Amino acid sequence: MSWSTREVAELSGTTVKTVRYYHEIGLLEEPEREPNGYNKRYEVRHLTRLLQIKRLTGLGLSLAQVADLGTAGGGHPSVFQEIDAELAATVERIQGIRQELATLAQPGATPDVPTAFHGVAHRLRDNDRALLTIYAQLFTTESMAALSELLRANPHEALDEAFRDLPADADEATRQALAERMAPFVGANTSVTMEPRAATPRQAEAARNAVGQALQALYSSAQLDVLRRAHELSAGPSGGR
């Protein structure tokens, strides 16, 4: 029993073009031709090889990896372990996406803040939301989770509103008074360490610089001055030196 190129392609669930390409790259043995020297006649071994290639590529192997395996396919467990690890990472990523989509589908959820902050999003203004979005890119998931928990556990809405409504031209006395109100809470917030999502010191430094630029762009000079004063006050007498 033998088949033409079209027939063997149909039987294996592929195309004539693919079969010919496998010949070109040496992945599929060329069959013998009919006496006329034109028509190819494919046998069972060719169909078996095509089905093997289809199965392996369906599992995620590249054609180069299939070629390395040969026809026996044994002695290369690392190839399958590597692909399994890649699939596990993909599954984890997809599960994370599904969890985030489920959160976004809930009433009151908003897409412009990281998922962990949906519970406090109603208290945030546009600049706060933008800063958290930048934070989520630059800092670790653990850092963001700790920051979210801190905001949930220690809401200071009146103080937050006073800071957000601070006029850009606020006078010295107003800035100092607000800084003194904020200092105890700023000190408590130091329990959260924001770790950069960085593999090298250079990347960590770039993350810190990006945060500095974001703060300057998103908050007024008066607000930044109040934050500086509050941090100095929370640190005690040595903080202003």
Side-chain angles (χ1 to χ4, degrees), residues 1-106 109-116 118 133-142 144-145 195-204 206-207 210:
M1 179 67 185
S2 61
W3 302 280
S4 67
T5 305
R6 178 184 58 78
E7 290 170 335
V8 80
E10 291 178 351
L11 284 170
S12 61
T14 186
T15 65
V16 170
K17 183 178 179 180
T18 298
V19 172
R20 289 171 177 166
Y21 179 66
Y22 289 165
H23 288 318
E24 291 176 11
I25 63 176
L27 200 58
L28 179 66
E29 177 190 356
E30 287 272 3
E32 294 182 359
R33 296 179 181 271
E34 291 185 346
N36 62 18
Y38 180 74
N39 295 327
K40 296 177 180 178
R41 303 308 301 176
Y42 291 85
E43 300 179 3
V44 171
R45 70 177 186 277
H46 299 105
L47 176 61
T48 302
R49 180 57 172 161
L50 282 170
L51 292 174
Q52 181 191 48
I53 296 170
K54 181 180 180 181
R55 174 172 178 254
L56 292 174
T57 55
L59 290 173
L61 275 73
S62 67
L63 292 179
Q65 290 172 320
V66 173
D68 288 341
L69 287 176
T71 55
H76 297 272
S78 61
V79 173
F80 302 106
Q81 292 167 354
E82 178 182 341
I83 293 174
D84 184 62
E86 292 173 356
L87 287 174
T90 300
V91 169
E92 183 177 356
R93 180 181 63 82
I94 292 174
Q95 288 175 338
I97 291 173
R98 292 195 66 196
Q99 290 175 359
E100 186 158 356
L101 289 172
T103 301
L104 288 171
Q106 295 176 3
T110 175
D112 61 348
V113 294
T115 305
H118 286 169
T133 298
I134 294 171
Y135 270 21
Q137 174 65 24
L138 299 178
F139 295 110
T140 64
T141 301
E142 293 76 14
M144 297 302 293
E195 292 290 341
R197 192 195 303 264
T200 66
R202 181 178 179 182
Q203 291 176 342

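Along the sequence shown, residues are numbered consecutively beginning with 1. If you're wondering where the values come from, they're calculated on a predicted model, not measured in any experiment.
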Problem - Arg20 and Glu24: CA distance, side-chain angles, deciding distance, salt bridge (charged side-chain N to carboxylate O under 4.0 Å, His left out) verdict - result: CA-CA 6 Å; Arg20 289 171 177 166; Glu24 291 176 11; over 6 Å; no
Handout entry: Pairs satisfying salt bridge (Lys or Arg N to Asp or Glu O under 4.0 Å), at least one member in residues 25-34, at least two apart
Key = Glu29-Arg45, Glu30-Lys40, Glu34-Arg41
If you take all heavy atoms of [X] and [Y], which pair is closest and at what distance?
| X | Y | result |
| --- | --- | --- |
| Tyr22 | Leu63 | CE2-CD2, 3.9 Å |
| Ala210 | Leu138 | CB-CD1, 3.8 Å |
| Ile83 | Gln65 | CD1-OE1, 4.0 Å |
| Phe80 | Leu56 | CE2-CD2, 4.1 Å |

Handout entry: Gln52 CD to Thr57 OG1 distance, which is reported to the nearest 0.5 Å
Key = 10.5 Å
Exercise for the section: State which residues pass side-chain contact (heavy atoms from CB on, under 4.5 Å) with Leu101; sequence neighbours excluded, sorted by chain then number. Expected result: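 Testing Leu101 for side-chain contact (heavy atoms from CB on, under 4.5 Å), a comparison that skips the adjacent residues, returns Ile97.
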Handout entry: Pair Glu100, Thr115: side-chain N/O donor-acceptor within cut-off below 3.5 Å
Key =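 Distance-only check passes for Glu100 and Thr115.
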If we only count heavy atoms from C-beta on, is the [X] to [Y] side-chain gap below 4.5 Å?
| X | Y | answer |
| --- | --- | --- |
| Leu69 | Leu61 | yes |
| Val91 | Gln95 | yes |
| Ile53 | Leu27 | yes |
| His23 | Pro31 | yes |
| Val66 | Lys54 | no |

Problem - Gln203 (side chain) donor-acceptor with Ala199 (main chain) under 3.5 angstrom - result: yes
Practice task
Look only at the side chain of Arg197 and the backbone of Phe139, and say whether a donor-acceptor pair between them is shorter than 3.5 Å.
Solution key: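 Pair found, side chain donor or acceptor close to backbone of Phe139.
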